[in-house]
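The structure appears right after this line, and notes come after that.
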Amino acid sequence: RCKIILDKDPNWYYNGRCTINEYKQDKNLLQITITATVEPYKYKLGETVATFAVSESVLLATIKNERKTVVPVIECDVTVEVMFESNVFSLSAGTNRILEINLKPGDNQFQFKSISEGTIRFTFQEGAL
């Protein structure tokens, strides 16, 4: 398996298996024909990071995601109450991964509230078709 980055789409990569179908050499010219079987999604080269400052007041925030549904890694430096799709989750300081917080394609609406000032950071890998 390997990451495949195309010249026509340099900000994305495809994940799959490559095989060499044909190998020709004509004097100084070498021509290789490669076939790739890849996953249906292409992925952004870098992970997406969304950071928000939280406090005792309620913060409304939107996180945009491409087509592939994904569970983000959520890092908090304080305890944060998160409301997502009518569910409330209490996240402790540190790294959290909540399977019920599943970013859908498009805009994902959140409400954050903390007992003190701090930050919350979502890190995830976006995939598009």
Side chain to side chain contact (heavy atoms under 4.5 Å, CB included) assessment of L91 paired with I74 | CA-CA 9 Å; L91 305 181; I74 307 169; 3.7 Å; yes
Hits for side chain to side chain donor-acceptor pair (under 3.5 Å) against Q25, two or more places apart or cross-chain, chain-then-number order -> none
Quick one: pull up NZ in K64 and OG1 in T48 and give me the separation to the nearest 0.5 Å.
-> 12.5 Å
Could you note down all residue pairs passing side-chain hydrogen bond (donor to acceptor under 3.5 Å, both in side chains) where residues 84-104 supplies at least one of them, sequence neighbours left out?
-> none
Which residue pairs pass the side-chain hydrogen bond (donor to acceptor under 3.5 Å, both in side chains) test when at least one of the two sits in residues 10-21, sequence neighbours left out?
-> N15-E39, N21-T35
Of all pairs that satisfy ring-ring contact (aromatic ring centres under 6.0 Å, His included), the ones with a partner from residues 87-129, not counting sequence neighbours | F52-F112, F84-F110, F110-F112, F110-F122, F112-F122
Between I63 and L103, is a side chain to side chain contact (heavy atoms under 4.5 Å, CB included) present by the stated rule, with each step listed?
-> CA-CA 8 Å; I63 297 178; L103 300 179; 4.1 Å; yes
Heavy atoms, side chains only, cut-off 4.5 Å: are D9 and K42 in contact?
-> yes
What are the two closest non-hydrogen atoms of P40 and L129, and how far apart are they?
-> O-CD2, 3.4 Å
Got a sec, which pairs hit salt bridge (Lys or Arg N to Asp or Glu O under 4.0 Å) with one end in residues 25-35, sequence neighbours left out?
-> none
Donor-acceptor contact below 3.5 Å, side chain T123 vs main chain V49 | no
Which pair of non-hydrogen atoms, one from S114 and one from V78, has the smallest distance, and what is that distance?
-> OG-CG2, 3.2 Å
With sequence neighbours left out, which residue pairs that include part of residues 20-39 fulfil the ring-ring contact (aromatic ring centres under 6.0 Å, His included) condition?
-> none
Quick one: list whatever passes side-chain contact (heavy atoms from CB on, under 4.5 Å) with I20, sequence neighbours left out.
-> I32, I34
Connected via hydrophobic side-chain network under 4.5 Å: V54 and L60 | no
Identify, with sequence neighbours excluded, every residue that meets side-chain contact (heavy atoms from CB on, under 4.5 Å) alongside T62.
-> D107, Q109
Looking at residues at least two apart in the chain, or sitting in another chain, which of them share a side chain to side chain donor-acceptor pair (under 3.5 Å) with S55?
-> S57
Keeping to residues at least two apart or across chains, list the salt bridge (Lys or Arg N to Asp or Glu O under 4.0 Å) pairs with something in residues 68-84.
-> E75-R121
Residue list, side-chain contact (heavy atoms from CB on, under 4.5 Å) with A53, at least two apart or on another chain = none
Identify whether L59 and I101 are in the same connected component of the hydrophobic contact network (ILVMFWY, side-chain heavy atoms under 4.5 Å).
-> yes
Evaluate the side chain to side chain contact (heavy atoms under 4.5 Å, CB included) criterion for residues V71 and I98: first the C-alpha distance (whole Å), next the side-chain angles of each, then the deciding distance (0.1 Å), finally the verdict.
-> CA-CA 7 Å; V71 176; I98 309 296; over 6 Å; no
Are Y41 and I5 in one and the same hydrophobic cluster, where Ile, Leu, Val, Met, Phe, Trp and Tyr link if side-chain heavy atoms are under 4.5 Å apart?
-> yes
Begin from the C-alpha positions of C76 and T119 and carry the test side chain to side chain contact (heavy atoms under 4.5 Å, CB included) through to its verdict.
-> CA-CA 6 Å; C76 311; T119 59; over 6 Å; no
Looking only at non-hydrogen atoms, find the nearest pair between M83 and V88 and report the distance.
-> CG-CG2, 4.2 Å
Any pair counted as salt bridge (Lys or Arg N to Asp or Glu O under 4.0 Å), so long as it reaches residues 44-59, sequence neighbours left out = K44-E126
